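Okay, structure first, notes after.
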Amino acid sequence: MDKEIANEVDSCKHTPDHVSGHKSEEVTAGDAVTIFDTTLRDGEQAAGTSLTPQEKLTIARQLDELGVDVIEAGFPISSPGDFEAVQLISREVRRPIICGLAHCRPAAVDRAWEAVQGAAHPRIHVFLSASDVQLSYMLKKNHQEALEMAREMVARAKSYTEDVEFSPMDATRADVPFLYRLLETVIDVGATTVNIADTVGYSPVNEFAALIRGIRDNVPNINKACLSVHCHDDLGLATANSLEAVRLGARQIECTINGIGERAGNAALEEVVMALRTRQDVFGLRTNIDTTRIYKTSRLVSDLTGFVVQPNKAVIGGNAFRHQSGIHQDGMVKESSTYEIMDPRSVGIPASSLVMGKLSGKHAFRERLAELGYTLTDDALSHAFRAFKDLADKKREIADRDLISLVSEELRQETQVYKLDHVDVSCGDHTLHSAAVRLIGPNGETLSDAALGTGPVDAVYKVINRIVGIPNKLVEFTINANTEGFDAIGEVLIRIESNGGTYTGRGASTDIVVASAKAYMNALNRLILSRQVAGDLPTQGARAVAAAAEAN
Ligand code: KIV
Ligand code: ZN
């Protein structure tokens, strides 16, 4: 980083000291970039996601292990489910700052505080449109009115907690002198972080750099707050803009795992963190992230949100460390640094030659899972080990990706309201397609039925619908083989819609009909759980759930 800039930067004084306790290596103020993860808020805003509070807690725990400094857990006033998730995470995840989002309304700020007040380190994040196009069309406010709204709501948030962030939404399309005044105003009333949002991913790097420089030079009290950036990826510039901003003195980056978020998504955490680490020589900056946990976190988020990571995705895509051409392979054999700028193990991708199979014991199984970053309870481990043995009977060599799939399946079972107990299908090209299914209901009751369908999957879905009785529409169905070979595990991803919500489900099995049934049960269970949280389905009893769903 520019020496002159480094000296001027007052850093994020407000980044709490406790975050540096995460790793043995001390991160000194000035060279530390605060990683603000908004997977559970902006990431969850991505079209086609909906996570239950319990699933959000699972992700928050993983983000904590990863070492993020701030978790934006949700937008509490937006829905009862969001409120519940933020409150739950605030109570359970104690090391990082837990942040709740609020727009510029007293009720939103109050609700955000209600949700985060139980956190060990609470933050309220207030935002307001800053561009003329948004102010005039959406809020019908002029600059003076906007300044007043921001001043009042930041002061209100400040009356609850010391740690207050303010975001001028659509800052990159705002009138620049007005933006300076807005930032000065909110810092005056106590904003400890100001977050420059490229909400629509509009700004090329040179323009964003000029904006950051301009803010540093023209907002007189800017050194009293931490300068943060929040970049969207509509033009594929989110990571580049975030990095340029920290090079120029910003000390917080807002980002999401796998880059998920509104439209084209947000800056990807794994990209900004690995760029800072790999090019220490350029940036001279560090984060508190334990990069070896990136891959597992990415898998978990992909699993729960249903957003598959594209193979060529930087840092964590399936091909990110694969070398195809002869010349590249030759280089890799001679010296990996010829074509590899990062060690795959540094992001937690296992580079193991150990092959698991029929003869592998429980100890080796546990060890391998630990190397992959999974620690299961004794019960879950025994269950997963039985599933592993079943798989080993069908498949000679079990790859890491099979193991991850198997464990993910195990973890999904933990939150099921209805459990799939048995599936039996009959199919072929000269027969009627039929399915018999047995489920275990919410009170442990056995529920079975049978049906005919146009194919085995259709027949299975018809039976499940008959038993569970919750109307929904299937909008996406994909099958992917996990590894090469005819004996590969098939992973099914589905999306269903019901009552205006979208729910994803995943299932894995060497039998694709069983995988499809598991994926459907997973999606239905998530639908039920989120409607239970919203209060429009009872929490007990299969009949009551079905009756209420029908009445709706
Ligand atoms: O993109 C955006 O402007 C946001 C704000 C709420 C920070 O997500
Ligand atoms: Zn955003």
Side-chain angles (χ1 to χ4, degrees), residues 34-47 49 70-79 82 86 97-105 108-109 111-112 115-116 123-135 137-139 146 149-150 153-154 157 163-175 178-179 182-183 186 191-203 208 211-212 215 225-239 241-242 245 250 252-269 271-272 305 307:
T34 297
I35 296 297
F36 176 115
D37 182 280
T38 182
T39 304
L40 297 175
R41 200 278 298 167
D42 215 325
E44 219 247 352
Q45 268 170 241
T49 30
V70 187
I71 295 176
E72 185 161 57
F75 187 2
I77 201 160
S78 67
S79 73
D82 245 39
V86 178
I97 294 171
I98 307 298
C99 177
L101 183 69
H103 59 310
C104 265
R105 293 268 173 238
V109 175
R111 193 79 171 139
V116 297
R123 175 180 293 186
I124 300 176
H125 177 186
V126 179
F127 74 97
L128 179 67
S129 293
S131 63
D132 289 351
V133 62
Q134 291 196 356
L135 279 172
Y137 283 103
M138 292 162 62
L139 302 182
M149 283 170 82
M153 290 310 114
V154 169
D163 191 347
V164 176
E165 172 167 333
F166 176 78
S167 290
M169 185 155 76
D170 205 13
T172 49
R173 293 192 299 168
D175 173 69
F178 166 66
L179 179 65
L182 183 58
L183 295 174
V186 295
T192 43
T193 301
V194 286
N195 178 44
I196 311 309
D198 188 18
T199 304
V200 289
Y202 179 68
S203 199
F208 198 58
L211 184 65
I212 298 294
I215 289 169
C226 175
L227 184 55
S228 167
V229 287
H230 176 109
C231 300
H232 279 269
D233 209 28
D234 300 65
L235 295 173
L237 295 168
T239 298
N241 279 338
S242 306
Q252 174 176 284
I253 296 179
E254 301 201 352
C255 46
T256 60
I257 302 295
N258 302 339
I260 63 171
E262 278 276 357
R263 305 179 313 278
N266 291 63
L269 179 146
E271 293 176 14
V272 292
T305 58
F307 290 125

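First listed ligand is number 1; within each ligand, the first listed atom is number 1. Note that the numbering runs from 1 along the sequence shown for the chain. Computed from a prediction, not measured in an experiment: that's the story for all the values here.
- Closest heavy-atom approach to atom 7 (C) of ligand 1 among the candidates S167, A102, A171, A130: S167.
- In terms of modelled atom types and a separation under 3.5 Å, the side chain of T192 and the main chain of A225 share no donor-acceptor contact.
- Contact annotation for E262 and ligand 1: no heavy atom of the residue comes within less than 4.0 Å of the ligand.
- Taken to the nearest 0.5 Å, the OG1 atom of T34 stands 7.0 Å off from the CD1 atom of I97.
- Ligand 1 has an N or O atom lying under 3.5 Å from an N or O atom of H232, backbone or side chain.
- Distances from the Zn ion (ligand 2) to the N/O/S atoms of D42 are shortest for OD2.
- N241 places a side-chain N or O within 3.5 Å of a backbone atom of S203 that can act as its donor or acceptor partner.
- Close approach to A197 involves these atoms of ligand 1, each under 4.0 Å from a residue heavy atom: 3 (O).
- For H230, a nitrogen or oxygen atom sits less than 3.5 Å from a nitrogen or oxygen atom of ligand 1, counting backbone and side chain alike.
- Because the distance cut-off is set at 2.8 Å, E262 fails to qualify as a neighbour of the Zn ion (ligand 2), as none of its N, O or S atoms comes that close.
- Remark: of the listed residues V194, L128, L183, V186, L183 is the sole one forming a side-chain contact (heavy atoms from CB on, under 4.5 Å) with P168.
- Looking only at protein heavy atoms, the nearest one to atom 3 (O) of ligand 1 is T199 OG1, 2.6 Å.
- For ligand 1, one of its N or O atoms has an N or O atom of D42 under 3.5 Å away.
- By the 3.5 Å distance cut-off applied to N or O atoms, R41 is counted among the residues near ligand 1.
- Atoms of ligand 1 lying under 4.0 Å from at least one heavy atom of M169, given by number and element, are 3 (O).
- Considering T38, N195, T193 in turn, N195 is the only one that fulfils the side chain to side chain donor-acceptor pair (under 3.5 Å) rule with E254.
- In this structure, the side chain of S167 does not engage the main chain of M169 through any donor-acceptor pair within 3.5 Å.
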| message | For a ring pair (Phe, Tyr, Trp, His ring centres under 6.0 Å) check, start with the C-alpha distance between F36 and H230, then their side-chain angles and the critical distance, and finish with the verdict. | response | CA-CA 9 Å; F36 176 115; H230 176 109; 7.7 Å; no
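- Here the side chains of C99 and I71 are not in contact, with every heavy-atom distance at 4.5 Å or above.
- Atom NE2 is the N, O or S atom of H230 at the shortest distance from the Zn ion (ligand 2).
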